[in-house]
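Numbered from 1 within each chain, the chains take letters A, B, ... in sequence-line order. All heavy atoms count here, side chains included; hydrogens, waters and symmetry mates do not.
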Amino acid sequence: MSAGRFGQFGGRYVPEALIPALEQLDEARLSAMQDPGFLAELEHLHRTYTGRPSIITEVPRFAAHAGNARVILKREDLNHTGSHKINNVIAQALLTKRMGKTRVIAETGAGQHGVATATAAALMGLECRVYMGKVDTERQALNVARMRMLGAEVVAVEHGSATLKDAINEALRDWVTNVERTHYLIGTVTGPHPFPEMVRDFHRIIGVEAREQVLELTGRLPDAVVACVGGGSNAMGIFHRFIEDEGVRLVGVEAGGEGLDGRHAARFATAVPGVLHGAMSYLMQDEDGQTVESHSVSAGLDYPSVGPEHSHLRDSGRAEYVYATDTEAMEAFALLCRTEGIIPAIESAHALAGAMVLGRELGPEATILVNLSGRGDKDMHTAAEWFGLVDDVVEDEMVPSGESDDPGAAGDGRTQL
Amino acid sequence: MSVDLGVSGVLARCRAEGRAALIGYLPVGFPDVEGSIRAMVAMVESGVDIVEVGLPYSDPLMDGPVIQHAVETALAGGAHVVDGFRATRAIRDAGAPALVMSYWNLILRRGVDRYAAELAAAGGAGLITPDLIPDEANEWIAASEREGLDRVFLVAPSSTPERLVRVTEATRGFVYAASTMGVTGERTTVGSAARDLVDRTRAVTDLPVCVGLGVSNGDQAAELAQYADGVIVGTAFVRTLGGDGELGARLDALRELSTDLARGVREGAR
Ligand SMILES: Cc1ncc(COP(=O)(O)O)c(C=O)c1O
């Protein structure tokens, strides 16, 4: 077995042409993590730019709907650009400069990682190109505008299903072609080694801060830590510091979409291991091994595979994975808005839905730490449509059709907000 | 008849003739399964020495737009992994070795041992694995040894001397030199990177070195044939087969292209 395995998962299933770049990246990040200068620069940026440490917020009015357990939110939504994604992006952008590269590329689904990457590129004077499925660019016109405003080039990918997985394919093609001066700034804990480990390490600060903050607030460790799992970066970020705290349950919440009988992204509930985008992990695939399209009301969770370390945590029993359907997530979304005055990202609302179930199971004695990975500004179109908040006429104007002109595009853009 | 399924015999014969081998790629299922197999046989009949049978995959990240479009068509038409076996059998019957070119998940899903046994039974020569590096290939190396199948791994201009050694030591059949950094697709010039890569590869192995990515006509093939043991052509065949008109006419165009390329690999003789 090669380097970069979590149990049987992970590895490097990529063209040989990329191996030198992965080795260079691995060396660069290992030396950077030992370099006080690099760590100080990263810490400084997080303090003065990202907005770290992020606070925790106890939410008793919400908790009344979660079995009256004590519910504490880790507020990654308050970071610059609106989600946890910036933690990883700032660090990888610094690494890009350290490696002497001048150009970054990224994939994005909802646009959050793309916006964070465009932001860091602007900050550090790097050339930036973001790949985005065509159906996603139409649904996320505002995030496309944000990225362009920040100086990034946004490329609409029309091939395949014209959604996130195809954007990753296209980014990998770009990387193979331009690898000498380009860093592929992957947005989650997937991809070939060292990405899953490196991205986790860059998000680990979430759990490090939260563990201390919860201890200070409550005098003890939480009974459970809950996070949504798309690729799995915000979840690995908050889980990692707690892995050795055996009494702390780690609960990942996947996107149940329409439910397991319909379209969904509940990989652990249904899938078997396979290889996609450079890593061995649980993968939604058909009998032949062709990737099956996922679906979720939340674009950030709409991915047919999952970070390999989660697969290992799952198979080893250290973490457990449940799913929340679109409907359950949107109920939790509305509930947090109305009870606490916090509009969460729909991704994060899946974690909230998971916490509601868990709270009822554990009861009032329990403390549950929830990673609020992002804020919901980007999700207002979806919410407006879901809850019927706008007149039909206005709604038609607000919500583009999300159709691709490409005859090969099979993705359902209307669900890709 | 030789019982050896591999490509070595053909490559040795080409070398004895003082020329490079012509290796042609087509994905099975494009324009449909029947048509793709007829096209592969037509290539063999008109000068292609070794056929690469591509298995269509939903996420072909090493391929450019022409091949992406073809495999999407193949998948939409219902092409399956097992259709590759019909193709290898037909090519073998037409007198040429057939290597299956597949992204790794398709093989993994079927089971590496099972796939290897089925491929050997279907007369296949081996596998080309664009997204499997030797470091991850223990299971496949064992299975291919057992079945006597070739293992074609890739090297690239970015490969370090250490990687060239690692890859070529695990390879059986020939080394696939991806001559330019990037995805499949035609290019106007093949460039000096190819020659440099072939030279660097030869310095570490006695295996034949075949060059691919970018070749579209006989003259380019002739240029490569001056220093490569084989010239690999994919996109140009796919584009030709994907043209307008009746399948019969497109097969004629495919034969013409094969003939031109076959001329090229002979003209470039060292
Ligand atoms: C707010 C938010 N949370 C979660 C995710 C899911 O990603 P991950 O599972 O890597 O945290 C995204 C991805 O776009 C996101 O924007």
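- By a heavy-atom distance cut of under 4.5 Å, A:Val272, A:Gly274, A:Val275, A:Leu276, A:His277, A:Met280, A:Leu283 are the residues of residues 264-283 of chain A near chain B, going up by number.
- Neither the backbone nor the side chain of A:Glu180 comes within less than 4.5 Å of any heavy atom in chain B.
- Judged as a ring pair (Phe, Tyr, Trp, His ring centres under 6.0 Å), and not counting sequence neighbours, B:Phe153 has no contacts.
- Interface remark: B:Leu108 contributes side-chain atoms only to the contact with chain A (heavy atom separation under 4.5 Å).
- Both the backbone and the side chain of A:Gln285 have a heavy atom closer than 4.5 Å to some heavy atom of chain B.
- Residues passing the side-chain hydrogen bond (donor to acceptor under 3.5 Å, both in side chains) test with A:Thr291 are B:Ser58, B:Asp59, sequence neighbours excluded.
- With a threshold of 4.5 angstrom between heavy atoms, B:Pro157 does not approach chain A through any atom at all.
- Contacts of A:Glu153 classified as salt bridge (Lys or Arg N to Asp or Glu O under 4.0 Å), with partners at least two apart in sequence or in another chain: A:Arg129.
- When heavy atoms are compared at a cutoff of 4.5 Å, A:Val179 approaches chain B solely by way of its side chain, counted from C-beta outward.
- For A:Pro20, the part lying near chain B is the side chain, with the backbone staying farther off; criterion is any non-hydrogen pair under 4.5 Å.
- Heavy-atom pairs under 4.5 Å with chain A peak, among B:His80, B:Arg163, B:Arg110, at B:Arg163.
- Contacts between A:Asp174 and chain B at a heavy-atom distance below 4.5 Å are absent for every atom of the residue.
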